[in-house]
There are 2 protein chains.
Amino acid sequence: MSQDSVPAIVIGRLPIYLRMLAYLEMEGKSVTSSQELADRLGLSSAQIRKDLSYFGEFGKQGTGYHIGYLQKQLRQILKIDRVWDMIIVGAGNLGRALGHYEGFESHGFRLAGLFDNSEKKIGTMVGNIKIQDVAEMPQVVREKRVQIAVLAVPPEVAQSVADQLVELGVRAILNYAPITLSTPPRAKVYYLDPVVGLQTMTYYLA
Amino acid sequence: MSQDSVPAIVIGRLPIYLRMLAYLEMEGKSVTSSQELADRLGLSSAQIRKDLSYFGEFGKQGTGYHIGYLQKQLRQILKIDRVWDMIIVGAGNLGRALGHYEGFESHGFRLAGLFDNSEKKIGTMVGNIKIQDVAEMPQVVREKRVQIAVLAVPPEVAQSVADQLVELGVRAILNYAPITLSTPPRAKVYYLDPVVGLQTMTYYLA
DNA sequence: TAGATTGTTAATCGATTAACAATC
DNA sequence: TAGATTGTTAATCGATTAACAATC
């Protein structure tokens, strides 16, 4: 099935399925069902079967899904069956914490650069990577053909950094800055503003 | 309009509107329109008017919305017209970075505790707050009637910490752990797993 | 085989949008 | 006033679910 015909909301659930499959595998299971996945994820089994059916037939009637096989298929669909280079822009508290996060490398996202504009920070180490001057960012992005960037800069400069990144060829931005970015359609932005999360939940509090 | 009749997807957009209103205000504007908001946010103006209409009439025909007034109304709707106590569980790199984040306090979320189970960390300072033993968490949550918690613990313990939090009365969990939590309906969970974001975006990369 | 579970269709449900009267 | 923009309705669009034949 061609990319554009699959609803974005379906794509957004695939990583959740993958995360649960890894969890079930860790529990020692090797087979699961749409019903089990649905129960664990708080979804309906029909939705899970429908989501998967956009891409193929991955299960067996009467049995369910082989976890290892389904993981492999989902990784292929999401194009995470390879290693992606990624940079982090901004080495404040958050940027440095993200620089230490092992979850990126362990999921195939290789940290190819960590940039800041502060003299004090440039040259210092975060884990096993050295903070570089943001002035060197264009060169790194171009040379390594980096398509993925994590934005951990102050909101005042987030839009201009995003513009620069897109100009350099970046097409996926994980945005921690508390601002809605304006980008051309070829670039995707995934928002991770904790305050938005909190403000959404307080509505339901007494 | 009663809470439950407003779709969750609408509630989820209100903080985005609020964030944009603050931005427009910062640009020196005092009035805006559904069209301007829509353009800036990449939405339709009809959607914005419809979303707001669940709660009342906040604009003027021919003029638009007074930014200050609309902000005030949205803050009331979202119940962020007050200060909420919040705790952070887990003082690893991420938890400590979050402990330093000024965006929480500046938006009315007061950090009432930062907990970890590591002997080494307990008693050390993060900004102006001291890391406490997670064993003291129940007491703090109960005494201050904390309803909001940020989960920044390893995935292996995330579910059990979440269970404990809910048991103690927490009803809003900002979850940084890379795992889907199982919680009763009275507790809301907002997910902030960066890997899910990356894996969603790689689908669209070449 | 009998029981279980898939993949898929059609029906239902819900969200978005177009259009416009009301009115500032 | 004339022009602009709201709030709302009805139509459209899209996503979810119920149901079940197929089949392991």
Side-chain angles (χ1 to χ4, degrees), chain A residues 1-17 20-21 24 29-74 77 185 200 203, chain B residues 1-17 20-21 24 29-74 77 185 200 203:
Chain A
M1 183 143 297
S2 91
Q3 276 210 8
D4 240 274
S5 65
V6 181
I9 198 160
V10 171
I11 302 303
R13 280 192 293 262
L14 301 186
I16 311 291
Y17 297 165
M20 184 52 75
L21 290 170
L24 293 171
K29 293 199 168 70
S30 66
V31 167
T32 187
S33 66
S34 60
Q35 190 56 61
E36 180 173 47
L37 286 168
D39 290 345
R40 298 285 202 117
L41 295 170
L43 305 171
S44 78
S45 64
Q47 180 168 72
I48 289 172
R49 293 197 302 278
K50 183 120 222 292
D51 285 355
L52 298 177
S53 77
Y54 280 100
F55 305 98
E57 310 190 355
F58 306 122
K60 270 200 185 64
Q61 285 102 325
T63 308
Y65 302 91
H66 183 79
I67 291 177
Y69 178 72
L70 185 52
Q71 282 179 310
K72 202 174 159 191
Q73 295 299 313
L74 288 175
I77 292 164
T200 299
Y203 175 79
Chain B
M1 183 142 300
S2 90
Q3 277 209 11
D4 240 272
S5 66
V6 182
I9 197 159
V10 172
I11 303 303
R13 279 191 294 261
L14 301 185
I16 310 290
Y17 298 165
M20 184 53 75
L21 290 170
L24 292 170
K29 293 198 168 67
S30 66
V31 168
T32 188
S33 66
S34 59
Q35 190 57 59
E36 179 172 47
L37 286 168
D39 290 346
R40 296 286 202 119
L41 295 171
L43 304 172
S44 79
S45 64
Q47 180 169 72
I48 289 172
R49 293 197 302 279
K50 183 117 222 289
D51 285 354
L52 297 177
S53 77
Y54 279 100
F55 305 98
E57 309 191 354
F58 306 122
K60 272 202 184 63
Q61 285 101 325
T63 308
Y65 302 91
H66 183 80
I67 290 176
Y69 178 73
L70 185 53
Q71 282 179 311
K72 203 175 160 190
Q73 295 299 313
L74 287 175
I77 291 164
T200 300
Y203 176 79

Between [X] ([atom1]) and [N] ([atom2]), how many Å, whole number?
X     : N      : atom1 : atom2 : value
B/I48 : C/dT17 : CD1   : P     : 10 Å
A/I9  : C/dT16 : CD1   : C1'   : 13 Å
B/F55 : D/dG7  : CZ    : P     : 13 Å
B/F58 : D/dG7  : CZ    : C1'   : 12 Å
A/Y54 : C/dG7  : OH    : C1'   : 13 Å
B/Q47 : D/dC13 : CD    : C1'   : 13 Å
B/I11 : C/dA15 : CD1   : C1'   : 14 Å
A/R13 : D/dG14 : CZ    : P     : 16 Å

Mind checking the [atom1]-[atom2] spacing from [X] to [Y]? Nearest 0.5 Å is all I need.
X     : Y      : atom1 : atom2 : answer
B/Y17 : B/L37  : OH    : CG    : 8.5 Å
A/I11 : B/Y203 : CD1   : OH    : 4.0 Å
A/T32 : A/L70  : OG1   : CG    : 9.0 Å
A/L14 : A/I9   : CG    : CD1   : 11.5 Å
B/I77 : B/K72  : CD1   : NZ    : 13.0 Å
A/Y65 : A/L24  : OH    : CG    : 13.5 Å

**Request:** List in chain and number order the residues that pass salt bridge (Lys or Arg N to Asp or Glu O under 4.0 Å) with B/K29, two or more places apart in sequence or in another chain; answer none if no residue qualifies.
**Result:**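 Salt bridge (Lys or Arg N to Asp or Glu O under 4.0 Å) list for B/K29, sorted by chain: B/E27, B/E36.
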
**Item:** Contacts of type salt bridge (Lys or Arg N to Asp or Glu O under 4.0 Å), residue A/R49, not counting sequence neighbours
**Value:** none

**Request:** Tell me the stems DNA chain D sits in, counting at least three consecutive Watson-Crick or G-U wobble pairs, each under 3.5 Å on both distances.
**Result:** C:3-24 with D:3-24

**Message:** Just to be sure I understand the geometry, which residues of residues 31-40 of chain A put a non-hydrogen atom under 4.0 Å away from DNA chain D?
**Reply:**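 Contacting residues: none.
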
**Fill in**
In numerical order, the residues of residues 59-68 of chain B whose heavy atoms come under 4.0 Å of DNA chain D are B/G59, B/K60, B/Q61, B/G62, B/T63, B/G64, B/Y65

**Prompt:** Which one of A/L52, A/D39, A/I48 satisfies the side-chain contact (heavy atoms from CB on, under 4.5 Å) criterion with A/S34?
**Reply:**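 Option passing the side-chain contact (heavy atoms from CB on, under 4.5 Å) with A/S34: A/I48.
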
**Complete:** By nearest-heavy-atom nucleotide on DNA chain D, the more 5' of A/S44 and B/L52 is B/L52

Each nucleotide N or O in nucleotides 8-10 of chain D that has a protein N or O under 3.5 Å away: list the pair and distance.
residue	atom	partner	partner atom	Å
D/dT8	OP1	B/E57	OE2	3.3

**Asked** Can you list every salt bridge (Lys or Arg N to Asp or Glu O under 4.0 Å) pair that touches residues 6-17 of chain B, not counting sequence neighbours?
**Response**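 For residues 6-17 of chain B: B/R13-B/D51.
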
**Request:** Please name all residues satisfying side chain to side chain contact (heavy atoms under 4.5 Å, CB included) with A/Q71, sequence neighbours left out, ordered by chain then number.
**Result:** A/L18, A/L21, A/A22, A/E25, A/I67, A/R75

**Message:** Using the side chain to side chain contact (heavy atoms under 4.5 Å, CB included) criterion, which residues pair with B/V31? Sequence neighbours excluded.
**Reply:** B/T63, B/H66

**Request:** Answer whether the closest heavy-atom distance between the side chains of A/V6 and A/F55 falls below 4.5 Å.
**Result:** yes

